[in-house]
S.K.: 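Got a structure for you, questions after.
In what follows, every chain begins at residue 1, and chains take the letters A, B, ... in the order their sequences are listed.
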2 protein chains.
Amino acid sequence: MYKKFQQTRVNMKLTSKGRYAVMALADLAQFNSVNPVPLRDISLRQGISLDFLEQIFSKLKKHNIVKSIRGTNGGYILNKEPVEIKLANILNAVDEKVKTVQCKKESKKGCNSKTSKCITHNLWDELEVHINYFFEKKNLEDLISNTSESRN
Amino acid sequence: MYKKFQQTRVNMKLTSKGRYAVMALADLAQFNSVNPVPLRDISLRQGISLDFLEQIFSKLKKHNIVKSIRGTNGGYILNKEPVEIKLANILNAVDEKVKTVQCKKESKKGCNSKTSKCITHNLWDELEVHINYFFEKKNLEDLISNTSESRN
DNA sequence: TATATACTTGACTAATTTAGTCAGGTATGT
DNA sequence: ACATACCTGACTAAATTAGTCAAGTATATA
């Protein structure tokens, strides 16, 4: 008899969806002229399934990162300057939240530090801060102007 | 007809196995007296399945992070001083390598930067460095001496 | 106004991974 | 001798990922 999964997974996702979102927006930023860019173009250039792109852009639009123009010769354009679009915004939009789970069952037992259970509590907090700092720091402009390394 | 999964997942794992390994070793470091600590004790204190702990400690032992003492009153002890055991070592031992995949099919097509495909290439590299730096910096001693925040 | 083009929505699913369990061992101290 | 501890590997339910598929709706241009 197998137990059900405990709620133990670490919520630190960075999967294809997030990476594709960043890739696609970087592509969009590069071709961000007066004309809107159709998803089909991005799909071909980046090798990402059109259907998957549509899912992703639907979320990006809801978060006001891009706006869409319908009809023939329509497509997507950035809703802000590349420098204003942080990677944190992008990943957040597609549900790739970087968030570490501290305790095994924090909602049930709380994190009572009288046992040694939560010795790693601070650690995961710090890690979360550390990673989020990276994504807060970077924006789309950083990506397209390929200034390689920079401030750290 | 569904296509097979592309090799697209990001290899940035930090799951229960890694977290448990860190928790267990932090526990071990705290109770690291002359006597070896049996896994059963850690299991009870940290609420981790004994069977799962055995899997984890088997790997930790192979990587010389702990050593085992068999027989009655046996158990595990750290093989080095806590300050010498970096979190990077621990996570590496249990196969939780922090490593981001740069390109979709780097082995097949290579990363030819004439297209805009690899615009995010550097990004994931930098992220990998950024995260690994965190784990290289932290050691077990940092965890048990609860000096909260510190150098960043 | 017809129609092609483009976006929109949501249900669906194979492949993969995670988080363990289970079973049967082997070694060692008292 | 035997209890206690470690050791090994096969196994699997649940969850997630990475999309596919289908059926739309909106809009620009001819």
S.K.: Roughly how far apart are B:Ile56 CD1 and B:Ile48 CD1, rounded to 0.5 Å?
M.R.: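 Answer for the CD1-CD1 pair, B:Ile56 versus B:Ile48, is 6.0 Å.
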S.K.: Check nucleotides 2-9 of chain C for protein N or O atoms closer than 3.5 Å to its own N or O atoms and list the pairs.
M.R.:
unit_1 : atom_1 : unit_2  : atom_2 : d
C:dT8  : OP1    : A:Lys61 : NZ     : 2.5
C:dT8  : OP2    : A:Tyr76 : OH     : 2.6

S.K.: Testing the basics here: between B:Pro38 and B:Pro36, what is the closest heavy-atom pair and its distance to 0.1 Å?
M.R.: CD-O, 3.5 Å
S.K.: Is it the case that over 12 heavy atoms from other parts of the model lie below 6.0 angstrom from the CD atom of A:Glu81?
M.R.: no
S.K.: Mind checking the CG-CD1 spacing from B:Asn89 to B:Ile65? Nearest 0.5 Å is all I need.
M.R.: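 One finds 5.5 Å between CG of B:Asn89 and CD1 of B:Ile65.
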S.K.: Give the rounded distance in Å between these two atoms: NZ of B:Lys17 and C1' of C:dG20.
M.R.: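 Those two atoms, NZ and C1', are 9 Å apart.
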S.K.: Hey, what do you get for CG (B:Asn139) to CG (B:Leu143), rounding to the nearest 0.5 Å?
M.R.: 7.5 Å
S.K.: Check the angle between the aromatic planes of B:Tyr20 and B:Phe52 and answer parallel, tilted or perpendicular using the 30° and 60° thresholds.
M.R.: perpendicular
S.K.: Can you name the closest pair of heavy atoms from A:Gln30 and A:Ile144 and give their distance?
M.R.: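 Taking A:Gln30 first and A:Ile144 second, the nearest heavy atoms are CG-CG2, 3.6 Å.
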S.K.: Please give, in whole Å, the distance from D:dT17 C1' to A:Ile48 CD1?
M.R.: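 That distance rounds to 15 Å.
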S.K.: B:Leu53 has an atom CG; how far is it from atom C1' of C:dT21, in whole Å?
M.R.: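 It works out to 14 Å between those atoms.
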S.K.: Nearest whole angstrom, please: distance from the P of D:dA18 to the CZ of A:Arg19.
M.R.: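 In whole Å, D:dA18 P lies 8 Å from A:Arg19 CZ.
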S.K.: What is the distance, to the nearest angstrom, from the CZ atom on A:Phe52 to the C1' atom on C:dG10?
M.R.: 15 Å
S.K.: Would you mind reading off the distance between A:Lys59 atom NZ and D:dA18 atom P, rounded to a whole angstrom?
M.R.: 12 Å
S.K.: Once rounded to the nearest 0.5 Å, what's the spacing between atom CG of B:Asp27 and atom CG of B:Leu53?
M.R.: 9.0 Å
S.K.: Roughly what angle, to 10°, lies between the helix axis at the start of the helix from C:dT1-D:dA30 to C:dT30-D:dA1 and the one at its end, five pairs per end?
M.R.: 10°
